[in-house]
Amino acid sequence: MAETGKGMEKTLVQSLRESGVSRRGFLKFCTATASMMALPPNMAPAIAQALEKARRPSVIWLSFQECTGCTESLTRSHSPTVENLIFEHISLDYHHTLQAAAGEGAEAAREAAMAENEGQYIVVVDGSIPLGNPGYSTIAGISNLQMLEETVAGAAAVVAVGTCAAFGGLPHAKPNPTGAVSVSEIVKDKPVVNVSGCPPIPTVITGVLAHFLTFGSLPELDALGRPMAFFGKSIHDRCYRRPFYDKGLYAETFDDEGARKGWCLYRLGCKGPMAYNACATAKWNRGTSWPVESGHGCLGCSEPDFWDAGGFYNALSIPDSDITRQAVYVAGAGIALGAVAGAVNRSKQARAREEHEPVTIDDLDKRS
Amino acid sequence: MSEATLERGLNAFREQMNAPIASFFSSCVNCGMCAEACLFYTETGDPKYTPINKLEPFRRIWEQEYTLWGRVKSWLGLSRPVDDELLQAWEPLIYDGCTLCGRCSMVCPVGNDISYMIRCAREGFVAAGYAPDGMKNASRRAVTIGSPMGVKYPALAAQIKHVEADTGLSIPMDVEGVDYMALLSSMEIMNFPEYLGALARIFKQAGITWTLCSEAFEATNSGIQIGSSDIAKELVNRVVVAAERLKVKYVISPECGHAYTAIRWEGPNLIGRPYHFKVVHILELLEELRSSGRLKTEGFEEARLTFHDPCQIVRKGGVLEQPRNLLNMVAGDVVEMSDHREMNWCCGGGGGVSAIERAEALRLKVFTRKKSQLEELNVDTLVTACANCRLIIEEGLEEYRMEIPVVGLTEMIAEHLVGDEKNE
Amino acid sequence: MSTPVDFLLWVRGPGFDIALAVFIIGILIRLLEMLMLGRKPDYAEPRGAELGAGLRTLLTRTLPEQGTFKRSPFTVVGGYIWHIGFFISLLFFVPHIELIDAVIGLSWPGIAGNLIDAVAAVTLVTLIAMLFSRLTHPVKRLLSGPEDYLSWLVTFLPILTGYLAYHRMIEPYPLVLGLHILSVEILMVVFPFTKLMHAFTFIMARWYNGAMAGRRGVQS
Ligand code: SF4
Ligand code: SF4
Ligand code: SF4
């Protein structure tokens, strides 16, 4: 592989050593990765071996309509972690938020990387793509759509990082002023892995990359294109508060008895039952905690349209519209229509009574 | 000359529709429980006798013409019509297969008053020409001769003579200004003249002023049974005119159940105004005399007795306690049937069924209900208060070879009058 | 894009709005087209008052008449079980209470999910047995038409899908939750045009029955 824009060729293990990560720490990561991805434990050495040997794959990171939260999630851990080292290890040939170069220089780097690694590089996308006015989001004067199409053309695979890239996310929320769409709406002919979450769990991003490095292939995906290993089970299924849900013990405010006792947060709007993500097991901030553990319901951020799924503090079962008001209007209409129907019936009844011909004993029989 | 037509029948169904019937039809969940209340189903096991099923033609008119959805269905051609064929097929269900006993109306879980609906639905059947010949003829006789059994005044006069000779009392006729005007059913005149004698003796003892009316002595109303309000009105009007002409305060309905329903509950609505007199059932009057001490009896029946509640007097007439109080006055050993009072079982001959010749086999079949009720009790005598029930029960008992005498309650009371020379 | 979440959002959004509109408008039309037919005045001198007797029948019809109970215990007991089960599941499952609270602002204590689960299971089994009886009992079979089976189906499906959703037996969850809500919406749409209307009109029916009998001095 030819020298690309960033540093010398090193194996992953080398760069880890240099950053002070011990071999033990590295093996621990491999074991953790194996278990996260639901691989048998004896796969950990295989992962380690593969990763030790792995060459740096070329990665082009495109940021479209996004908030940088996804990048932050991955890069702003307090101290060096295996995750962000793996991240650093990859040959990040283009990331316009992180790289020093800008403008035409940066675009040149992107084009060079594409040409050199034709058919092998990975495109990571964060942010959604506006299909409305192309001017809504451009980089170096190139529209997001154009850049994505161009860049993906020679890619081996695309990883859509974050809910915006995976499902449209916040920009796609009603009324979707920019006409934002997800990566998979545009990229139809390349494998797309959706690592959703707002932001996504860092381990999941690195896990997917590790999988690619180890096996040279993409992990098994669910119906929404998300890695099964991380998204195969719902928050609710893995939630430690679940026994309270089953017993009907709920916190009703954020500071009531139930909240203090750690009861289920369903009534406070927890979307855990419909959210598929690994928060409950992977946790955040290096395993410190996760939303439900900290006492706040899950927002369901890994799911399509979670911004439009009703108030964050409304229980999952509550419809989104203003039903009470609607019911009043509809009742008005119902009464009006009912009065019409009733009047029609009454006039039918009255007509029948008018047309009544008295029955006498002479017309008890039918002639003919 | 006019004739019955399908169109007139359909129009009658339309006329009958009202809020209660609409709410009944739309409430029915087809649970089938009404079948278990109806002796025509319980005794034959034939599901076509399920009460609500008897209303299918009427139900279709309701659905197709009085509901929004039904109208849409008809426009789409999805509903089945009400035609001559249907009415013909249903005629034996709504007439031969229903005595208007009202038992089904007591059990429907959603509260449907099915027998009321059947009464209303008969209006459509008769206007369309689908009424049984027996009932048509009874109506013709009632209108032209004055009584469904063809009893004319001379026949009554002859019976009066016998009664007067028997009791030594005179039977007042066409007397103005008395308190009470008594009515009779032709069945009583012909088959149970004892009733008239009993009245005379009881009224004598109680000091009641009363009269019969030569122009309106017949209490039964074939119009109600065949389901023609027009005919019923004509018949009821005779009584009303006579009673108001004689300026009586009360009209006494005889024991006959349907007569009571006709004159007491339907009459004012048929003529479209309240009466200027009150209607009392003979048992109501007797109970009033008893409780005010004007009815004095002595001695007790020794036989083991039970009382058959005539549907129209008890369940549909509200005369529930009176017969029991009166019976206890003269009988010591009274037992009740397993289902009694408002849950009694019909004799099988009400609602005009007794006038339908072709229904005889069915009527005797469904009598098995009364039969088994009686078998459970092992009584010596059956007391009732309806001439029609009495006749039907006697026929049934004969058919099934059961030796139980059937007695009218009023006569039984009369037998026990104090100081009555006929009293042993 | 059409994901299970889109489907869920549709049934919870526009779908629910449509169903609610059809439900409310339909019921009001049905009630008014009935009530406005009125009753003719009754000139017969009453023996008793209508009001009290009507109200009493409204209550007493909730219990079966003894003889009828003995003759059709299955219909009576089955009817009780599934009606009660249906209403327990509807009214005491906490997510439902949240919904009711959001719509009409009333709420009450719920029952633990696993109890509701047992109730729903019993209800489902009973409903199946009721269907079997409808198909086999001669009277019910004769009386029943497409409308009866449709009514059964739209009553059965919400409980079935609710059961599946509670146990997360169809993945992903938004799909099964969406199906559950959709089945309820189908129930709401079908409701005003079928015998399901009895849930409202039984009040009228029982009252009229009781009142008409009460006038004659009989408690029906
Ligand atoms: S807190 Fe949320 S995810 Fe946890 S059990 Fe309750 S509803 Fe499910
Ligand atoms: S009992 Fe009532 S609800 Fe049941 S089938 Fe008969 S009329 Fe319908
Ligand atoms: S009124 Fe009596 S005979 Fe007629 S359907 Fe009802 S229960 Fe049967």
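Scope of the values below: all heavy atoms of this structure, side chains included, with no hydrogens, waters or symmetry mates. Each chain gets a letter, A, B and so on, in the order the sequences are listed, and its residues count up from 1.
- Comparing A/Ile318, A/Leu337, A/Asp308 by how many heavy-atom pairs each has under 4.5 Å with chain C, the most go to A/Ile318.
- Ring pair C/Trp82/C/Phe86 is perpendicular by interplanar angle, where above 60° counts as perpendicular and below 30° as parallel.
- For the set A/Arg267, A/His236, A/Lys348, the entry with the most heavy-atom pairs within less than 4.5 Å of chain C is A/Arg267.
- When A/Val344, A/Val181, A/Asp237 are compared by the number of non-hydrogen pairs under 4.5 Å with chain C, A/Asp237 comes out ahead.
- Ring centroid separation for the pair A/Phe306 and A/His172 does not come in under the 6.0 Å cut-off.
- For chain A, the nearby part of C/Leu8 is the side chain; its heavy atoms alone come within less than 4.5 Å.
- Remark: of the listed residues C/Thr123, C/Asp117, C/Leu115, C/Thr123 is the sole one forming a side chain to side chain contact (heavy atoms under 4.5 Å, CB included) with C/Val119.
- Taking a 6.0 Å sphere around NZ of A/Lys233, one finds it holds 12 or fewer heavy atoms contributed by other residues, nucleotides or ligands.
- For a residue to count as touching a neighbouring chain, one of its non-hydrogen atoms must lie under 4.5 Å from one of that chain's; by this rule C/Phe23 does not touch chain A.
- Using a 4.5 Å cut-off between heavy atoms, A/Tyr329 makes no contact with chain C at all.
- Using a 30° and 60° split on the angle between ring planes, C/His167 and C/Tyr163 fall in the tilted class, from 30° to 60°.
- Neither the backbone nor the side chain of A/Leu249 comes within contact range of chain C; no heavy atom of the residue lies under 4.5 Å from a heavy atom of that chain.
- Ranked by heavy-atom pairs under 4.5 Å with chain C, the first of A/Gly248, A/Ala223, A/Gly342, A/Ala341 is A/Gly342.
- Checked by atom type and distance alone, the side chain of C/Arg215 pairs as donor or acceptor with a backbone atom of C/Asp42 at under 3.5 Å.
- With 3.5 Å as the limit, one finds a donor-acceptor pair spanning the side chains of A/Ser128 and A/Gln65.
- Among C/Glu171, C/His96, C/His180, the residue with the largest count of heavy-atom pairs under 4.5 Å with chain A is C/Glu171.
- If you tally non-hydrogen atom pairs under 4.5 Å between each of C/Pro109, C/Gly26, C/Pro172 and chain A, the highest count goes to C/Pro172.
- Both the backbone and the side chain of A/Ile335 come within contact range of chain C, judged by heavy atoms closer than 4.5 Å.
- Ring centers of A/Phe312 and A/Trp307: under 6.0 Å apart, within the cut-off.
- The most heavy-atom pairs under 4.5 Å with chain C, out of A/Asn314, A/Val340, A/Val330, come from A/Val330.
- By the 30° and 60° cut-offs, the orientation of the rings of C/Tyr166 relative to A/Tyr245 is parallel.
- Within the 4.5 angstrom heavy-atom criterion, atoms from both the backbone and the side chain of C/Leu37 approach chain A.
- Looking at C/Arg168, the atoms closer than 4.5 Å to chain A (heavy atoms on both sides) all sit in the side chain, from C-beta outward.
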